[in-house]
Amino acid sequence: MDTQAKHYDPSKVEDKWYAYWLQHKFFHSEPDNRPAYTIVIPPPNVTGILHMGHVLNNTLNDVLIRKARMDGKNACWVPGTDHASIATESKVVAKLKAEGISKEDLTREEFLKHAWEWKEKHGGIILSQLRKLGASCDWDRTKFTMDPDLSEAVINTFVYFYKKGYIYKGVRMVNWDPEGLTAVSDEEVIHRDTPSKFYHMRYFISDGKGNATDKYIIVATTRPETIMADAAVCINPADERYHWLKGKKVLIPLINKEIPIIEDSYVEMDFGTGCLKVTPAHDVNDYEIGLRHHLPVIDIIDDHGRLTADAQILVGEDRFVARKKIAKMLEEAGNLEKTVDYTSPIGYSERTNAVIEPKLSAQWFLKMDALAKDALESVESGKVKLIPDKYRNTYKHWMENVRDWCISRQLWWGQRIPAWYLPDGSFVVEATPEAALKAAQAINPALKMEDLRQDEDVLDTWFSSWLWPISVFDPEMPGHPEHKPNADLASYYPTNDLVTGPDIIFFWVARMIMAGNEFMKEEPFHNVYFTGIVRDKLGRKMSKTLGNSPDPLDLIAKYGADAVRLGMLLCSSAGNDILYDEAQVEQGRNFCGKIWNSYRLVSGFKVDASLQPSEVNKVAVKWFQNKLAQAVETVEDHYAKFRISDALMTIYKLFWDDYCSWYLELVKPAFGAAIDAETYERTLGFFEDLLKLIHPVMPFITEELWHAIRPRGAQETIMTARTPAVQPYDPACIDAFEMAKETVIGIRATRNQKNLPPKEPVEIRIKTGYPEEMAPVVAKLACTGDIRFVSDFGEDNGVSFLVRTAEVFVVLSGLVDVAQELAKLEEQLQYQEDFLARVRAKLANENFVAHAPEKVVATERKKEADSLAKIESFRAQIKSLKEQQ
RNA sequence: GGGCGCAUAGCUCAGUCGGUUCAGAGCAUCUGCCUUACAAGCAGAGGGUCGGCGGUUCGAAUCCGUCUGCGCCCACCA
């Protein structure tokens, strides 16, 4: 863009450089002899669109991958999308419904055709959005969890675990989603405290012939619509209140069905009425009790959550409608004692938000014990580091209490379970129909293909995602009998870092570790960096209904991707929620403006090759070189500890404060004057180093200016320029400059207080203990006249201040308000005397001197000495001022 | 119900081994400046009983206990 423009315009820069990077395949990686640095993207839903959470996650990923690339690593960031079975399928169902097509009217093949069309149309939008953000993914490696080869990996994995004896089919209580019409795993159920009612119902005692006596017991439930499925009423055998009930039978209200009284210690005597209605078909615990007492299972709720004919009454009604109606019926029948408001935890489907119905059904499960044990060890041993490590506890707890994974889903969008049923009801598990037929014929040679019926269910999406760090490199998967070595896998596995949200620590992170251990005998990554949830500035979750979630693409259009990236990172520390505020993106934009303008200044310098560097330039260059080295060291340390926002802030301040406010102001030639060639060259070099430090965070503006500041070849990019190396530096030099800064600030503050124009030269006298080589710095930046190092300030009017222990005196031609100066000095003296008293008290404490490390004691003695010097200085000043009065 | 974590300036957060003049940063605020890179800027300034209480220690923002207020995860008391 036009280098004279006062304001940086990202829209003229960002697309241009992204196209350049793509054109030259700078993001592409092939195995070579450099050490690899690998990240696999947490695959977003294929039909998803970019939200602020993606922006945070992918910015962090991109910072890490760009940093690694500039560190000389063979950086490979594999992008891709997830088929998200239930979410995508429900979107497709909704879309078809809007077109008047019902899923039930379609065959599996017809439905999948619609689904794939939808995927082709909407899939991958999010990946193109990531390009706008600057994500340096290796797009040539883009994968989709339902790509044919990745699906094959999933099927092979199923067969592998089945043959290993880890996968079994069983009838179990599962979490049924009546809207998604599928079972979901325990992890996909969200429990929320939900207000409901506790219905206290009268169950009359039967006379033994199915007639009600006038005696009754009270049973409390939150689900009166399930009473028709009751198989018993249960009491605690130790509950003396109900001993008279033993051996009796009661009648279910409304339908007058006789059910037995049973005893089980599961029942809590002090909860509810102490009488529990046992409904084996519709409650997990009741099912267990039913098993123990051989109770019949009466299923009265269908897949859609409606009452079935077995309910006898309210047939076809939705469970919640039925609940209201039955309450009324109970009341009218005289069976309702009372209703009490009650809040209880209710399970909801993560995807559809439907209330989960515990339902007995045949599902496929993966045994987790052995896998979880190894995966726990991976984290406990530190082979996988969780950042922040507070998640270790959460992880451990889950791994130690894990239950078998329900991996079947009653959906069509996904990998179909490779189990084939024989006419006799038995089944074989094989990767292909051909293999299945062969296996079936081994049982019964007469069988033909058309005799086999494949299982209707598909696999849980996470059953494909957990292979992601392996399958993106080698879909054939180690563990497969004919597996051949694969160069990509050998080179890129294990990946290095994983950046993801803590909400999928069990869904995804833990299971990837399991798959890695199982198939690779090695964990899939070394570090897992957990981001927080992006919230609005009021701390609310971002949601469509609240309308508090900005569209990242709008933000990028308004402020530029660099600004958005910096804005996100500014407020992100690992594991903490992000309170997003557009002001942070503005700060990012402002930083772009600062960088841009500093470039305009530097590029506009007139250079005179005949000039020798001035003293001030020499000091400035020497100082900034040290300062830069120190900052590089700090930044590297922050990155190594995944303190990304700290690294960023270090760089931000290095550029804005140290380079712009101090360094450039020092070497900036006077109006119309030129800069010497040597200093100019160093200034450009520093600028380049700074651009390189900033690049991982703000890739676009840094590429633009890196090209602008020096001539570059047609193939060159800052992307592969080397990060400034860690160099030794001289802390004494930095410290001396700090004193100069304090002096300059002191003089400027004095001007402010005394209403002196900023550029009117003032004379400065400084007493001993000062780095005299800094005089030119002070002179230039504080616009002083003569600076003299003296032992006595003499008789001039003026005011003084302390820099450490060195007294700096500003000569003022006008009148000084002696009383005001005295008051100021008295106050400082008082503070210093108090301070000294505290230090001395400490030093007088024998315990302190005896116990504290020598270094700490020495520091206290230094404090004492410094304080004494200051006190002496204040006293002398006060004395001198009093003499003037 | 069980477990984990958090509480520091108006806001968002650092504070690494208990010890450096340690009480910090960024943003916001206030004051003065349209100074020839940048007003999306420059220069300067103010602002905190480190949630409360108790303990350990020569020494506590930091360790322990407890209380209060938040947050997260797990969970089958109907």
Side-chain angles (χ1 to χ4, degrees), chain A residues 6-8 173 186 191 198 219-223 234 266-268 270-273 275-279 283-288 342 344-345 347 358 388 390-398 401 502-503 505-506 533 537 539 563 570-573 575-581 583-584 586-587 589-605 637 641 643 645-646 648-650 652-653 660-661 664-665 668 670-672 744-745 748-753 755 757-759 804 835 839 842 845-853 855-860 862-863 866-867:
Chain A
K6 238 178 172 181
H7 291 293
Y8 172 66
M173 260 303 176
D186 294 334
H191 293 270
F198 222 7
V219 175
T221 183
T222 53
R223 301 200 60 190
C234 189
Y266 166 78
V267 178
E268 299 281 341
D270 53 4
F271 186 83
T273 62
C275 293
L276 169 71
K277 72 192 232 5
V278 183
T279 319
D283 184 279
V284 182
N285 300 302
D286 292 12
Y287 179 68
E288 299 290 328
Y342 181 65
S344 62
K390 67 177 177 187
Y391 287 109
R392 282 178 63 147
N393 287 324
T394 314
Y395 182 88
K396 184 170 184 226
H397 182 260
W398 192 74
N401 295 282
D503 49 331
I505 184 169
F506 309 132
I533 297 166
K537 61 179 165 184
L570 273 175
C571 54
S572 71
S573 50
N576 287 339
D577 283 359
I578 311 305
L579 269 67
Y580 167 79
D581 185 346
Q584 286 148 356
E586 286 177 22
Q587 197 182 341
R589 175 203 56 192
N590 295 352
F591 190 44
C592 284
K594 189 69 185 178
I595 299 170
W596 177 252
N597 279 296
S598 61
Y599 160 74
R600 288 178 60 223
L601 173 67
V602 171
S603 64
F605 281 162
D637 186 52
K641 292 170 180 155
R643 301 156 80 102
S645 54
D646 287 342
L648 172 58
M649 192 44 66
T650 305
Y652 180 91
K653 285 192 282 191
C660 294
S661 298
L664 287 182
E665 291 299 332
K668 184 160 84 175
F671 184 65
V744 170
I745 289 166
R748 283 171 177 169
T750 304
R751 284 184 192 276
N752 244 342
Q753 284 156 20
N755 287 321
K759 292 203 166 168
R804 316 279 170 91
F835 179 76
V839 173
K842 218 179 211 184
N845 183 336
E846 280 175 31
N847 273 325
F848 171 72
V849 181
H851 288 97
K855 207 175 139 191
V856 175
V857 178
T859 305
E860 292 301 314
K862 170 87 164 53
K863 283 188 207 170
D866 285 357
S867 185

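Below, chains carry the letters A, B, ... as their sequence lines are ordered, and counting in each starts from 1.
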Side-chain contact, heavy-atom cut-off 4.5 Å: [X] with [Y]?
{"X": "A:Y8", "Y": "A:K594", "result": "no"}
{"X": "A:F271", "Y": "A:L276", "result": "no"}
{"X": "A:D283", "Y": "A:M173", "result": "no"}
{"X": "A:P388", "Y": "A:K390", "result": "yes"}

5′-ward residue of the pair A:N393/A:S344 relative to RNA chain B: A:N393
Using a cut-off of 4.0 Å on non-hydrogen atoms, how would the nucleic acid contact of [X] be classed: base, sugar-phosphate, or nothing?
{"X": "A:V267", "answer": "base"}
{"X": "A:S598", "answer": "base"}
{"X": "A:E860", "answer": "sugar-phosphate"}
{"X": "A:Y342", "answer": "sugar-phosphate"}
{"X": "A:C592", "answer": "nothing"}

Check: A:D581 side chain, A:Q584 main-chain N or O, donor-acceptor pair, under 3.5 Å: no
Main-chain N/O of A:H397 paired with A:N401 side-chain donor or acceptor, under 3.5 Å: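 At least one qualifying donor-acceptor pair exists.
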Provide, to the nearest angstrom, the distance between the [atom1] atom belonging to [X] and the [atom2] atom belonging to [N].
{"X": "A:W596", "N": "B:G41", "atom1": "CH2", "atom2": "P", "value": "17 Å"}
{"X": "A:D581", "N": "B:G10", "atom1": "CG", "atom2": "P", "value": "18 Å"}
{"X": "A:R751", "N": "B:C42", "atom1": "CZ", "atom2": "C1'", "value": "15 Å"}
{"X": "A:E288", "N": "B:C76", "atom1": "CD", "atom2": "P", "value": "11 Å"}
{"X": "A:K641", "N": "B:U16", "atom1": "NZ", "atom2": "P", "value": "11 Å"}
{"X": "A:Y599", "N": "B:G41", "atom1": "OH", "atom2": "C1'", "value": "20 Å"}
{"X": "A:D646", "N": "B:U12", "atom1": "CG", "atom2": "C1'", "value": "13 Å"}
{"X": "A:K277", "N": "B:C76", "atom1": "NZ", "atom2": "P", "value": "18 Å"}

Between [N] and [M], how far apart are the two [atom1] atoms, rounded to whole Å?
{"N": "B:U36", "M": "B:A14", "atom1": "P", "value": "41 Å"}
{"N": "B:A25", "M": "B:G69", "atom1": "P", "value": "33 Å"}
{"N": "B:C67", "M": "B:G59", "atom1": "C1'", "value": "26 Å"}
{"N": "B:C53", "M": "B:C27", "atom1": "P", "value": "33 Å"}
{"N": "B:C33", "M": "B:C72", "atom1": "C1'", "value": "49 Å"}
{"N": "B:A61", "M": "B:U49", "atom1": "C1'", "value": "12 Å"}
{"N": "B:G18", "M": "B:C64", "atom1": "P", "value": "10 Å"}
{"N": "B:C4", "M": "B:G10", "atom1": "P", "value": "32 Å"}

Interatomic spacing from CZ in A:R643 to CG in A:L648 - rounded to 0.5 Å: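 A:R643 CZ to A:L648 CG: 14.0 Å, rounded to 0.5 Å.
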OG1-CD1 distance between A:T750 and A:I745, expressed to the nearest 0.5 angstrom: 11.5 Å
Look at [X] and [N] and indicate whether a side-chain polar atom (N or O) is within less than 4.0 Å of OP1 or OP2.
{"X": "A:K6", "N": "B:C38", "value": "yes"}
{"X": "A:R223", "N": "B:C77", "value": "no"}
{"X": "A:Y8", "N": "B:C38", "value": "no"}

A:K396 side chain to A:T394 side chain, donor-acceptor N/O pair below 3.5 angstrom: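 No.
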Strictly under 3.5 Å: I want the nitrogen or oxygen pairs between protein and nucleotides 69-75 of chain B, one per line.
none

Among [options], find the nucleotide with the atom closest to the side chain of [X].
{"X": "A:S661", "options": "B:A43, B:U16, B:A39", "value": "B:A43"}
{"X": "A:Y266", "options": "B:C76, B:G41, B:A40", "value": "B:C76"}
{"X": "A:K594", "options": "B:U35, B:A78, B:C42", "value": "B:C42"}

Intermediate values then yes/no, side chain to side chain contact (heavy atoms under 4.5 Å, CB included), A:L570 and A:S645: CA-CA 6 Å; A:L570 273 175; A:S645 54; over 6 Å; no
Step-by-step side chain to side chain contact (heavy atoms under 4.5 Å, CB included) determination, A:I533 to A:I578: CA-CA 6 Å; A:I533 297 166; A:I578 311 305; over 6 Å; no
A:F198 and A:Y342 aromatic ring geometry - parallel, tilted or perpendicular at 30°/60° bounds: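 It falls in the parallel class, under 30°.
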Aromatic plane relationship, A:W398 with A:F506 - under 30° parallel, 30 to 60° tilted, over 60° perpendicular: parallel
Paired and unpaired positions of RNA chain B as dot-bracket, Watson-Crick or G-U wobble under 3.5 Å, | denoting a partner strand: (((((((..((((.....[....)))).(((((.......))))).....(((((..]....))))))))))))....
Check: protein-nucleotides 23-30 of chain B nitrogen or oxygen pairs below 3.5 Å:
residue	atom	partner	partner atom	Å
B:A25	O2'	A:K653	NZ	3.3
B:G26	O2'	A:Q587	NE2	2.8

Give the minimum heavy-atom separation between [X] and [Y], together with the two atoms involved.
{"X": "A:W596", "Y": "A:K6", "result": "CD1-O, 3.9 Å"}
{"X": "A:A563", "Y": "A:C592", "result": "N-SG, 4.5 Å"}
{"X": "A:E860", "Y": "A:F848", "result": "CG-CZ, 3.7 Å"}

For A:V278, all residues meeting side chain to side chain contact (heavy atoms under 4.5 Å, CB included), sequence neighbours excluded: A:A232, A:C234, A:I262, A:P280, A:D286, A:I289, A:L295
Stacked pair A:F671-B:U36, distance under 5.5 Å, angle under 30°: no
Residues A:H7, A:N597; criterion side chain to side chain contact (heavy atoms under 4.5 Å, CB included); working and verdict: CA-CA 8 Å; A:H7 291 293; A:N597 279 296; 5.7 Å; no
Chi angles and distances behind the side chain to side chain contact (heavy atoms under 4.5 Å, CB included) call for A:R804, A:D866: CA-CA 8 Å; A:R804 316 279 170 91; A:D866 285 357; over 6 Å; no
Please produce a list of atom pairs where a protein N or O lies less than 3.5 Å from an N or O of nucleotides 44-48 of chain B.
residue	atom	partner	partner atom	Å
B:G44	OP1	A:R748	NH1	3.4
B:G44	O4'	A:N752	ND2	3.2
B:G44	O2'	A:N752	ND2	3.4

Any N/O pairs under 3.5 Å between the protein and nucleotides 56-65 of chain B? List them or say none.
residue	atom	partner	partner atom	Å
B:C58	O2'	A:N845	ND2	2.8

